[in-house]
Structure formats: structure tokens, C-alpha cells
Participant: 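Supplied in C-alpha cells, the structure appears directly below.
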Amino acid sequence: MNAALIERLGAVIAGIVVGVVAFYALYKDWHATGVENQVFKLMLLLLGIGAILALLAGLNVVGFAPKG
Amino acid sequence: MTAASLPLDSHGNVDQLYIETRELRLQGFLLFLVSDCVLFASFIFAYLYLRNSGQGWPPPGIQRLDVAFAAWNSVVLFGSGATMHYALENFKHGNFMRYMWFLLATIVLGAGFLGGQAYEYTHLIYGEHVTWWGSGIFGASFFTLTGMHGMHVFIGVCYLTVLVLQSAAGVYTRGKFFGITAGTLYWHFVDVIWVVLFSIFYLL
């Protein structure tokens with residue numbers, strides 16, 4: 001098992017965990033009001049999208065990772 | 001507002017000034033984040049313009065960036081965003097020890113991201129001879145943008161360390177914790193900026 005494969009595996013597992021946590025936090029805060037909570041919701045959404053992108057990069061669906 | 005969540009001053013009286021100025025502080029901080037967004041946006045658009053005006057990307061002689069390590073390092077930073085969010089949530093709900101652990105986890109993950117970035121820089125500079133000064137638009141834009149972001153993460157780690165010390169000293173109470181809210185907003189901001197940088201440098 002080479003380093004690139006370990007990194008990709010880590011990105012996939014952590015990407016799933018972070019994505020689930022971010023979207024769950026967004027779901028829980030969905031009805032929260034106030035300016036800061038609206039900003040938090042937007043940022044949690046983008047955080048979840050970032051986790052999905054990292055997950056897809058780990059799976060070699062996007063980006064150009066060397067085959068490991 | 002319950003009695004436990006009332007902002008109190010050092011004498012135990014209700015801090016009227018804090019109540020009156022909190023919204024203004026929040027607006028000021030959000031304005032600061034917007035101005036930082038504009039700063040990053042100007043660099044990002046300059047990079048995209050230069051990238052699309054050349055013949056092929058990356059320029060001849062430069063390898064594509066390795067996305068596997070960047071993806072791993074990115075989830076480390078995104079994970080720190082999640083821990084920071086739960087730090088704030090736990091503080092709001094009065095779970096002080098959980099708040100402290102989540103805050104410390106955020107600092108460790110943030111420092112881990114910086115370590116990963118330092119590793120990547122070392123690999124690029126000494127392994128692939130891609131430098132800020134000698135690799136044209138690619139090197140200049142990559143090191144400027146990721147370096148600027150790294151500086152923001154470093155400042156964030158310092159800020160969160162100060163939050164840990166202040167929290168341990170009892171500076172924040174359930175009714176008076178704007179510093180923690182601002183820290184969370186700032187940390188989410190550096191996460192979100194990295195989503196964009198990760199996409200344009202490694203995935204496009």
C-alpha cells in the first residue's frame with residue numbers, strides 16, 4: 001500500500017465523516033434565526049460541499065491523483 | 001433571555017453596553033470577513049484570468065499538483081471546521097469541558113493542516129523545483145494564494161489559542177461570548193476559502 005493510496009483512503013473516510021457532520025449540523029440549525037446563524041448555515045453548506053469534493057478527489061473521480 | 005444567559009460585567013451586574021453593542025460588533029466582524037473575501041476574490045480572479053490566457057495549464061515543464069495529499073489535508077481543515085462548530089454549540093449549551101476539547105481539537109487540526117502545507121511546499125520547492133519566484137504565473141499564483149490562506153489559518157490558530165486561555169480564565173460566560181462566535185465565524189471563513197482554493201488549484 002503506497003502513500004498516495006493511504007492519503008486517498010484517508011480523504012474518503014474523513015470526507016464522509018466531515019460531510020455527514022456538516023450536513024447534520026446544518027439540518028439541526030436549519031430553523032435557527034439571526035444574522036450569525038444564517039452565516040453559519042451558509043458556511044456549513046459550503047463546508048459540506050468541500051467535504052464532498054475532497055471525498056470525490058479521494059475516489060479519483062475529480063482531480064488528477066496518481067494511481068495508488 | 002434567561003438569568004443564566006444574561007451578559008454580566010466583572011461586578012456581576014448586567015452588562016448593558018455589551019447588549020447594546022453586540023449587534024454592531026457582529027456587523028463589524030462580518031464586514032471584515034466580506035473585505036477579506038474581496039481580497040481573496042481579487043487574487044482568485046487574477047489567477048483564473050492568467051490561467052485561461054495562457055496555452056495549457058499547468059505551463060510546460062510543471063507537473064500537475066498531487067490531489068491525493070491535498071484531499072487528505074483538506075479534510076483535516078474541513079474537520080476542524082466541524083469541531084469548531086461543535087465547540088460553539090457546546091459552549092452555548094453550557095458543556096464547558098466538551099467545548100474546551102472541541103476547541104483544542106480545532107487547534108490541533110488547524111496546526112496539522114499548516115504542517116501538511118509546509119510538507120507540500122517543501123516537496124514542491126525541493127522535489128519538483130516549483131518556486132514562488134522561478135516558476136512563472138503558476139508558482140507565483142499558487143504560493144501567493146495558498147500562502148495568504150495559510151497565514152489566515154496561522155492567525156486563526158493563534159486566535160483560538162487565545163480563546164482557550166481566555167476561556168480557562170473565565171472571560172466568557174453563557175451570556176457573553178462574542179469572542180467565541182467571532183472565532184467560529186473566522187474559522188468557517190478560512191475553511192470556505194480553502195474549498196475554493198482546493199477546487200481551482202487541484203481539481204480544475
Side-chain angles (χ1 to χ4, degrees), chain A, chain B residues 22-23 25-27 29-30 33-34 58 63-86 88-89 92 102 109 112 116 119-120 123 177-178 180-182 184-204:
Chain A
M1 198 185 270
N2 64 15
L5 185 61
I6 295 168
E7 287 159 6
R8 278 167 41 193
L9 208 61
V12 170
I13 295 165
I16 291 169
V17 173
V18 174
V20 167
V21 168
F23 284 117
Y24 178 69
L26 179 63
Y27 167 76
K28 270 187 77 180
D29 287 357
W30 192 251
H31 296 292
T33 54
V35 179
E36 69 214 62
N37 287 318
Q38 304 303 337
V39 178
F40 282 140
K41 281 190 263 185
L42 176 66
M43 290 184 169
L44 283 170
L45 176 69
L46 293 169
L47 190 67
I49 291 170
I52 291 171
L53 285 175
L55 165 69
L56 293 176
L59 291 171
N60 225 355
V61 175
V62 291
F64 295 87
K67 300 267 184 253
Chain B
R22 192 188 181 282
E23 284 304 304
R25 291 183 198 195
L26 179 64
Q27 286 166 17
F29 195 79
L30 290 175
L33 292 183
V34 169
Q63 295 246 321
R64 275 194 173 276
L65 292 165
D66 175 16
V67 80
F69 181 75
W72 165 243
N73 211 26
S74 298
V75 288
V76 170
L77 188 67
F78 299 153
S80 76
T83 54
M84 190 64 216
H85 184 80
Y86 280 101
L88 177 66
E89 286 301 309
K92 281 181 184 172
F102 274 117
L109 290 170
Y119 169 79
E120 189 179 20
H123 175 71
F177 57 92
F178 181 73
I180 301 170
T181 306
T184 311
L185 282 168
Y186 181 81
W187 199 257
H188 278 315
F189 168 76
V190 293
D191 279 350
V192 166
I193 291 294
W194 186 252
V195 175
V196 179
L197 296 186
F198 174 63
S199 304
I200 62 169
F201 280 116
Y202 298 92
L203 304 184
L204 279 183

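In what follows, every heavy atom counts, from backbone to side chain, and hydrogens, waters and symmetry copies are set aside.
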Participant: Measure distances from B:Q27 to the heavy atoms of chain A and classify the residue's part below 4.5 Å as side chain, backbone, both or neither.
Facilitator: neither

Participant: Give the minimum heavy-atom separation between A:V21 and B:A82, together with the two atoms involved.
Facilitator: CG1-CB, 3.7 Å

Participant: Testing the basics here: between B:V75 and A:A14, what is the closest heavy-atom pair and its distance to 0.1 Å?
Facilitator: CG2-CB, 3.6 Å

Participant: So which heavy atom on A:V18 is nearest to which on B:G79, and how close?
Facilitator: CG2-CA, 3.6 Å

Participant: So which part of B:F189 gets closer than 4.5 Å to some heavy atom of chain A, the side chain, the backbone, both or neither?
Facilitator: both

Participant: Does atom CD of A:Q38 have more than 12 heavy-atom neighbours, drawn from other residues, nucleotides or ligands, at distances under 6.0 Å?
Facilitator: yes

Participant: Quick one: of B:V192, B:L30, B:V76, who has the most non-hydrogen atom pairs under 4.5 Å with chain A?
Facilitator: B:V192

Participant: So which bits of residues 29-37 of chain A come within less than 4.5 Å of chain B, counting non-hydrogen atoms only?
Facilitator: A:D29, A:V35, A:E36, A:N37

Participant: Got a second to check how far B:H85's NE2 is from A:K28's NZ, nearest 0.5 Å?
Facilitator: 8.0 Å

Participant: Using non-hydrogen atoms and a 4.5 Å limit, figure out which bit of B:F198 sits close to chain A: side chain, backbone, both or neither.
Facilitator: side chain

Participant: Counting heavy atoms not belonging to B:W194, are there more than 12 under 6.0 Å from its CH2?
Facilitator: yes

Participant: Contact part of B:L88 toward chain A, heavy-atom cut-off under 4.5 Å: side chain, backbone, both or neither?
Facilitator: side chain

Participant: Name the region of A:A25, side chain, backbone, both or neither, that has any atom closer than 4.5 Å to a heavy atom of chain B.
Facilitator: both

Participant: Check whether A:L44 gets within reach of chain B through its side chain, its backbone, both or neither, counting any heavy atom under 4.5 Å.
Facilitator: side chain

Participant: How far apart are the closest heavy atoms of A:A4 and B:A68, and which atoms are they?
Facilitator: O-CB, 3.9 Å

Participant: Side chain from CB out, backbone as N, CA, C, O: work out which of these in B:S199 comes under 4.5 Å of a heavy atom of chain A, or both, or neither.
Facilitator: side chain

Participant: Could you name the residues of residues 45-56 of chain A that have a heavy atom within less than 4.5 Å of a heavy atom in chain B?
Facilitator: A:L46, A:L47, A:G50, A:A51, A:L53, A:A54

Participant: Show your reasoning for whether side-chain contact (heavy atoms from CB on, under 4.5 Å) applies to B:L185 and A:F40.
Facilitator: CA-CA 7 Å; B:L185 282 168; A:F40 282 140; 3.6 Å; yes

